[in-house]
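To start, the structure itself, in structure tokens.
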Amino acid sequence: MSEEKSLNFIEEIIEEDLQSGKYTSILTRFPPEPNGYLHIGHAKSICLNFGLTQKYKGATNLRFDDTNPITEETEYVDSIKEDIHWLGFSWSNEYYSSDYFDQLYSFAVKLINKGLAYVDDSTSEKIAAEKGTPTEPGKENEFRNRSIEENLRLFREMKEGKYKDGEKVLRAKIDMAHINMLMRDPIMYRIKHAHHHRTGDKWCIYPLYDFAHGQSDSIEHITHSICTLEFVPHRALYDWFIDKLEIFPSRQYEFARLNMTYTVMSKRKLLTLVNEGYVAGWDDPRMPTISGFRRKGYTPSSIRTFCEKIGVAKRDNLIDISLLEFCIREELNQTANRVMAVLNPLKLIIDNYDENKTEELTTENLPNDPENTRTITFSKDLWIEKEDFMETPVKKWFRLAPGQMVRLKSAYIIKCESFKKDDNGEVTEIHATYLPESKSHHDTSHLKVKGTIHWLNARDAATAEVRLYERLFKVENPAAEEGDFKEYINPDSLKVIKNAFIEPHLQHAETGAHFQFIRNGYFCIDKDSTPGKLIFNRTVTLKEGFKAL
RNA sequence: UGUCCCAUAGUAUAAGGGUAGUACAACAGAUUUUGAUUCUGUAUGUCGAGGUUCGAAUCCUCGUGGGACAACCA
């Protein structure tokens, strides 16, 4: 309690409600529509809704907003539940808006009886035309003043399947001239002869969002119904239905959704990326989906930390993806075992090392824990990274170059004596000599070298496929660019290295395990791995402090 | 053109009438058997104009800028 942490505006509202005695505990809900996979923006909402009821006394329901049978599927329901659990949250109740279809139907009848709803036979085009524009009022039509009895009969017949899709709708009778277009007799029910993933063929009329969401909140006695800014204009309607129905007064509060640089967040666009094959699926590590980040190697806590750091407010935002990257690096730096992997191999031969000798060396798994070690092997034939040799070094080059010395991590200091090139001028082989007295932990050479590079014993290194991911888009904010967002997709967002070299013991590591490939970044084992073929995904690069070019 | 929402370093987010702070990013230096980590430091900000006040990022007015709203989507 000593540390005063500032509250976001929703926490302030909740503390007021608790202090005033309006509520003694709070109830929130996370209300996804099961028509796609959850993304990092949903993670923000999940952390907010569940975080609030962890912080204050309360509970959070998971409610699937499944009022549109056309787009919703069970596959999505399952993935959503998995993602929420993975993030580390548990819901008190699992509900579906479709659980309330009977009750919603009787709510509608109640409004008809109060003279506050009517059946409209108009086409959708006519209804749209009569709605007016933001600056011009709408027009009332001939169906608006049907008798209560007729409305009751017609609505019942709609439910009974007497009419075809689009033939009739049920509308709230509010005010066709209202300044808020959503209040111009909004549609409550439409006819859809479609199979619903939960209610099957029981219904052929389905409520729209505005006549389902607030009512569902109210039925569950949600105290704080938190949603994103685009629903601000809906709040008037939300309150109107609650008022006229005389039901529990849930209240809606709106915050700004998350946007992140170099990606898109709209479900429609993410679906396009999946359907048109720009990525391999919803859980492709390039996707900003929760399952994508999971597969890429992000941890639940890193995502929660991120959501904590970005804050909650009402202004539109575009969060720098480097903040997310910071969160995962910060965690993995503490927890991921260091190993050596050579992604772009170059042969290194130690000319003065015994041809028949294989030496065992000790190296640490975590830099801050010198006791925690493993054994690696060293021989005359090694692999190093192509990038660690430069024939004509640039200024401040600390790595290998003709005549230059470096330390091989946890092994010896070596000096580059010569190198070979092929016909294309590609360097193919480096020859070096080592200093026996410079062995790590037993160094009596008193030599100081600027650079340390990683390496692998070519005689026992294993191979693996390594997938390097870059940002999915070339521009910071694809959604704000002109034209089709697909034009801004980064064509080099995935680079596959088929035959990288890794330490042999990694072959026994488990799917999902996290490692730092020293000087290369953080990697995890992809689920596509098979016993004979390991696949690593790059979670994130290391922070790059030196740019050679 | 109407209504609503919003405006603080590059990006986010605090300060709720009394010292403009924090994080990420950037840059510089130190340390380093990862050019990582760690440490130290630097630069950059209250959209504008009026008003209220001893005092305004904060309250008021008017501008300006950005966003949302005319789906039988959510």
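In this text the structure is predicted, and so the values were computed from the model without any measurement. Side chains included, hydrogens not; waters and symmetry mates left out as well; all remaining heavy atoms used.
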Please check the phosphate of [N] (OP1 and OP2 only) for any side-chain N or O of [X] closer than 4.0 Å.
X        : N     : answer
A/Arg519 : B/G35 : yes
A/Lys314 : B/A68 : no
A/Arg407 : B/U34 : no
A/Arg257 : B/A68 : no
A/Arg315 : B/U13 : yes
A/Ser6   : B/A15 : no

Contact class for [X] (heavy atom, under 4.0 Å): base, sugar-phosphate, or nothing?
X        : value
A/Val232 : sugar-phosphate
A/Phe231 : base
A/Leu318 : sugar-phosphate
A/Glu325 : nothing
A/Arg329 : nothing
A/His441 : base
A/Thr67  : sugar-phosphate
A/Ser322 : sugar-phosphate
A/Ser97  : nothing
A/Ser122 : base

Between [N] atom [atom2] and [X] atom [atom1], what is the distance in whole Å?
X        : N     : atom1 : atom2 : result
A/Asp121 : B/C72 : CG    : C1'   : 14 Å
A/Ile179 : B/U3  : CD1   : P     : 6 Å
A/Glu230 : B/G66 : CD    : P     : 20 Å
A/Asn317 : B/C24 : CG    : C1'   : 14 Å
A/Ile453 : B/A36 : CD1   : P     : 17 Å
A/Asn180 : B/C5  : CG    : C1'   : 12 Å
A/Lys448 : B/A30 : NZ    : P     : 13 Å
A/Arg235 : B/U3  : CZ    : C1'   : 13 Å

[X] side chain, from C-beta outward: closest of [options]:
X        : options             : answer
A/Thr452 : B/C73, B/U33, B/A36 : B/U33
A/Glu12  : B/A15, B/G35, B/U34 : B/A15
A/Ile127 : B/G35, B/A14, B/C72 : B/C72
A/Phe546 : B/G35, B/U34, B/A74 : B/G35
A/Ile518 : B/U34, B/A12, B/A25 : B/U34
A/Thr135 : B/U11, B/A74, B/G2  : B/G2
A/Tyr209 : B/A25, B/A74, B/C72 : B/A74
A/Leu208 : B/U3, B/C72, B/U37  : B/C72
A/Lys543 : B/A74, B/U34, B/A26 : B/A26
A/Lys396 : B/A74, B/G35, B/U33 : B/G35

[N] pairs with which nucleotide, Watson-Crick or G-U wobble, both distances below 3.5 Å?
N     : result
B/G17 : none
B/U11 : B/A23
B/U31 : none
B/G65 : B/C6
B/U1  : none
B/U53 : none
B/A43 : none
B/U58 : none

Distance, [atom1] atom - from [M] to [N], rounded to whole angstrom:
N     : M     : atom1 : answer
B/A68 : B/A49 : P     : 28 Å
B/G50 : B/A9  : C1'   : 26 Å
B/A7  : B/G29 : P     : 39 Å
B/U33 : B/U44 : P     : 36 Å
B/G45 : B/U53 : P     : 31 Å
B/A57 : B/G18 : P     : 10 Å
B/A20 : B/C6  : P     : 26 Å
B/A23 : B/U64 : P     : 38 Å

For residues [X] and [Y], establish whether the separation of their ring centroids is below 6.0 Å.
X        : Y        : value
A/His224 : A/Tyr253 : yes
A/Phe293 : A/Phe306 : no
A/Phe64  : A/Tyr96  : yes

- Message: Any side-chain to backbone donor/acceptor pair from A/Glu503 onto A/Met340? Under 3.5 Å, distance only.
- Response: yes

[N] base to [X] side chain: any donor-acceptor pair below 3.5 Å?
X        : N     : answer
A/His454 : B/A36 : no
A/Glu476 : B/G10 : no
A/Ser410 : B/U33 : no

* Are A/Lys192 and A/Tyr206 in a cation-pi setup, meaning NZ or CZ lies under 6.0 angstrom from the ring centre and within 45 degrees of the ring axis? -> no

Between A/Phe398 and A/Phe546, how do the two ring planes meet: parallel, tilted or perpendicular, split at 30° and 60°?
parallel

Would you say the side chains of [X] and [Y] form a donor-acceptor pair under 3.5 Å?
X        : Y        : value
A/Gln252 : A/Asp217 : no
A/His454 : A/Glu385 : yes
A/Tyr353 : A/Glu359 : yes
A/Ser301 : A/Glu331 : yes

